[in-house]
Every structure is written in structure tokens, then in C-alpha cells.
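Beneath this line is the structure, given in C-alpha cells, with notes to follow.
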Amino acid sequence: MSPELLHFSDEAAPARRLAEAAGLIARVVERHRFPDEELKLRMPFTAANDTPETLVVFRSLDRPNEKLVELLLVARDARSRGARRVVLVAPYLAYMRQDIAFQPGEIVSQTIVGGFLAELFDAVITVDPHLHRIERLDQAIPGEHAIALSGAPRLAELIAAKRPGALLLGPDEEALQWVRQAAAATGLDYGACRKVRHGDRDVSIALPALDVEGRQVVLMDDVASSGHTLAGAARRLLEAGAVSVDVAVTHALFADDALAVIAASGVGEVWSTDCIAHASNAITMAPVLARALQDVLKCVD
Ligand SMILES: O=P(O)(O)OC[C@H]1O[C@H](OP(=O)(O)OP(=O)(O)O)[C@H](O)[C@@H]1O
């Protein structure tokens, strides 16, 4: 039986785009949440021997606490039905930021959640995981098939079409890796701001030594969460004479009032990939994910 892709209805659009690009049948896992917040899941397999040997599970891990339980239930159930290979495509991967104990007693969730996913899945494919002090995803998710892709080339295509001639800026030095990739693909000028984080919603941004006056600027980052990083950078840029500031991010988390915070700073357009299903999605990662998935399906056994 050919591999199939399982997804949940709230992510039907990006999951189906991936299934189509990878040539897989997409099937929905039905989900009911009880008043006490327990979950009941129903697989699309009902008869004996109707479960493919290889299953791909699509679940992006924004709102991770509930979704990690879903993954536990789906992966274990798939194996009990006879699936031999279960692959996770999680375009956004959660719990990667706590990679050391910053204070004595803090739990290093990256290692624990990474180990949990490695036990459940034969391969994990994700996009721009937020790795700080480690370089490779397999240091967080042990195993041969922990694959980290980047959203930057797709965002570069989008930016080149929407703002040819723009200046690409990272709102902090960590974002230099993405603007550099995008600049290499498009030939656009690039640079990065410096950021000091004082709290979850409190950052200071300093502009690089570049002339931004009269420039259209596109801020690129891996993730927008509270929106304060992008808003802080946009305010500085507009004060310094940029004619417009737009935003392109891989992961559209946009917690709480983040979009309003960003808009209030003077940002024009907000574009994101469909790693996290969101109204700002402007470009799909499906072709990139599909290529990686096809390669993985040839290797996992
Ligand atoms: O929308 P926000 O709530 O501002 O969060 C988004 C920012 O957070 C992350 O970096 P972080 O500040 O963790 O930087 P670090 O990786 O250097 O700690 C990410 O790379 C963004 O720049």
C-alpha cells in the first residue's frame, strides 16, 4: 500500500498542499475535545489491514502542549495498527528554545521533547527550528533522519516579486543567516540590527550602520511571537527615514495582539510561509517539504 499523509482539519490547507506536491493521499484524523480538555481522536482506518506500512503525520507544533499529546496518540496507534514507518512533518517545531538551564533547576525541554519525538517517529522534518547553542537538529532529536529545512529561499522568492530593490534586514543578529540566504538568491542588499531582550515583550533594537533613508525595507525573521522584535525594528527604521517597512517571517505564531503591535509600529505588509496556518500566509513550503519527504521515504526502513 502507498504511503499516506494524516492531518487534522485545522491544518487541512497546508497539509493537502504537501500531499499534492508529494503525490500522497491525504486523510484526516478526526478530533473531539471533551469539556475537561481530554482529546478523542479517530483514525481514518477502520478495517483490518487497511493501514499503510508508511504513514506521514503532518502537524505543526504551534500550540504545542495539546498537539504533542495528539502525536503520542496517533504515532502509537499507527504502530499498533501495523504501520512500520511513521514520519513526522512538523513545519514548526516547539520547545527548541529551552536548550540549557538558564537558572538552576530549569528543565531542558529541548532534549526531552526532542527525545520524545525521536521515540515516536522514524524521521522528523521541520523548518527553521529555533536552535541556539546547537548547530544540528539531530543534537536535539537523536537519529539519522532529523531534517531541518529553511524558509528563507521561499521568502526570498516572495520578496523579490513584491519588493524588488528592497533592503533586507534581520531584526537581530541571529536573523543574519536568513537574510544572507535571501540576499544570495535575489542580489538584494542586506544587513542585521542588534537586539537586546529584556523580557518576553520587551526588546531594544539598534540599527546597523547602513543608510536606510529612502529605502523600502523588508524585515526577515524565523518567527514572530509577541511581535515586539519586528515592531521595535520597524519603528527605528521609519524614524531613520525608511519609506516603507514590510515583514516576512517563516513561522507566523503571532501570539495575542502581535499583529496589532506590528501594525502600530508602521509596518505595511506582513507575509509568512504556511509553516503555521495563518491569514498572513503568502507562500507555501509544500514543494520544499515534498522534496525532503520524498528523499526521507526512500531511506527510512
Ligand atoms: O515576536 P517576539 O516575541 O519578539 O519573538 C520573536 C523573536 O524571538 C526569537 O529570538 P529571541 O529573542 O529568542 O532571540 P535569541 O534567539 O537571540 O534569544 C526569534 O528569532 C525572533 O527574533
Side-chain angles (χ1 to χ4, degrees), residues 60-64 90-103 106 108-111 113-114 126-137 139-140 148-152 154-156 159 168-182 190-208 217-238 245-273 275-276 278-281:
S60 207
L61 291 173
D62 54 308
R63 296 176 285 116
Y92 178 71
L93 198 56
Y95 282 110
M96 292 295 111
R97 287 163 109 168
Q98 184 83 20
D99 58 353
I100 56 166
F102 297 94
Q103 304 288 334
E106 281 182 0
V108 182
S109 44
Q110 182 190 76
T111 317
V113 172
T126 190
V127 181
D128 291 328
H130 199 94
L131 307 174
H132 282 257
R133 281 151 287 264
I134 65 168
E135 286 184 3
R136 298 190 329 268
L137 185 61
Q139 294 168 273
L149 307 169
S150 177
R154 293 293 279 163
L155 291 177
I159 294 165
L168 299 177
L169 277 189
D172 59 19
E173 282 157 320
E174 205 191 5
L176 201 48
Q177 57 190 298
W178 300 296
V179 285
R180 196 177 273 138
Q181 278 187 67
Y190 71 98
C193 305
R194 275 173 291 119
K195 176 173 80 181
V196 178
R197 181 174 283 287
H198 308 290
D200 288 349
R201 294 166 184 277
D202 185 9
V203 297
S204 320
I205 304 278
L207 294 184
V217 179
V218 177
L219 286 168
M220 283 186 80
D221 210 350
D222 59 339
V223 50
S225 179
S226 74
H228 284 276
T229 294
L230 292 168
R235 263 194 302 273
R236 290 269 169 280
L237 287 163
L238 292 167
V245 179
D246 302 292
V247 157
V249 294
T250 302
H251 300 299
L253 277 179
F254 297 121
D256 305 324
D257 61 349
L259 281 176
V261 167
I262 290 168
S265 73
V267 165
E269 304 269 338
V270 177
W271 304 300
S272 64
T273 74
C275 283
I276 295 173
H278 187 267
S280 63
N281 291 171

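Counting starts at 1 for both ligands and their atoms, in listed order.
Within the listing of ligand 1, atoms 1 (O) sit less than 4.0 angstrom from a heavy atom of Ala224. Each of the atoms 22 (O) of ligand 1 lies under 4.0 Å from some heavy atom of Asp172.
Ligand 1 lies nowhere less than 4.0 angstrom from a heavy atom belonging to Pro171. Not a single heavy atom of Glu173 lies less than 4.0 angstrom from ligand 1.
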Asp62 vs His251, side chain to side chain donor-acceptor pair (under 3.5 Å): CA-CA, chis, key distance, verdict: CA-CA 9 Å; Asp62 54 308; His251 300 299; over 6 Å; no
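More than 12 heavy atoms of other residues, nucleotides or ligands sit less than 6.0 Å from atom CD of Glu106. Sparse packing is recorded around CZ of Arg194, with 12 or fewer heavy atoms of other residues, nucleotides or ligands lying under 6.0 Å away.
In terms of protein heavy-atom proximity, atom 16 (O) of ligand 1 is nearest to His132 CE1, 2.2 Å. Shortest contact from atom 19 (C) of ligand 1 to any protein heavy atom: Asp222 OD1, 3.3 Å. Looking from atom 22 (O) of ligand 1 to the surrounding protein, the closest heavy atom is Asp221 OD2, 2.5 Å. For atom 4 (O) of ligand 1, the closest non-hydrogen atom on the protein side is Thr229 OG1, 2.5 Å. In this structure, atom 10 (O) of ligand 1 lies nearest to the protein heavy atom Lys195 NZ, 3.4 Å. With respect to atom 6 (C) of ligand 1, the closest heavy atom belonging to the protein is Val223 O, 3.4 Å. Shortest contact from atom 8 (O) of ligand 1 to any protein heavy atom: Arg97 NH2, 3.0 Å. In terms of protein heavy atoms, atom 5 (O) of ligand 1 is closest to Arg197 NH2, 3.4 Å.
Note that CG of Leu155 is 8.0 Å distant from OG of Ser150, once rounded to the nearest 0.5 Å.
If you run side-chain contact (heavy atoms from CB on, under 4.5 Å) between Val249 and each of Leu230, Thr273, Leu219, only Leu230 comes through. Exactly one of Leu176, Val179, Leu237, Val245 qualifies for a side-chain contact (heavy atoms from CB on, under 4.5 Å) with Leu169. That residue is Leu237.
Between Asp256 and Arg201 a salt bridge is recorded (basic side-chain N to carboxylate O distance below 4.0 Å).
Residues Trp271 and Asp246 form a side-chain contact, since some pair of their non-hydrogen atoms from C-beta on lies under 4.5 Å apart.
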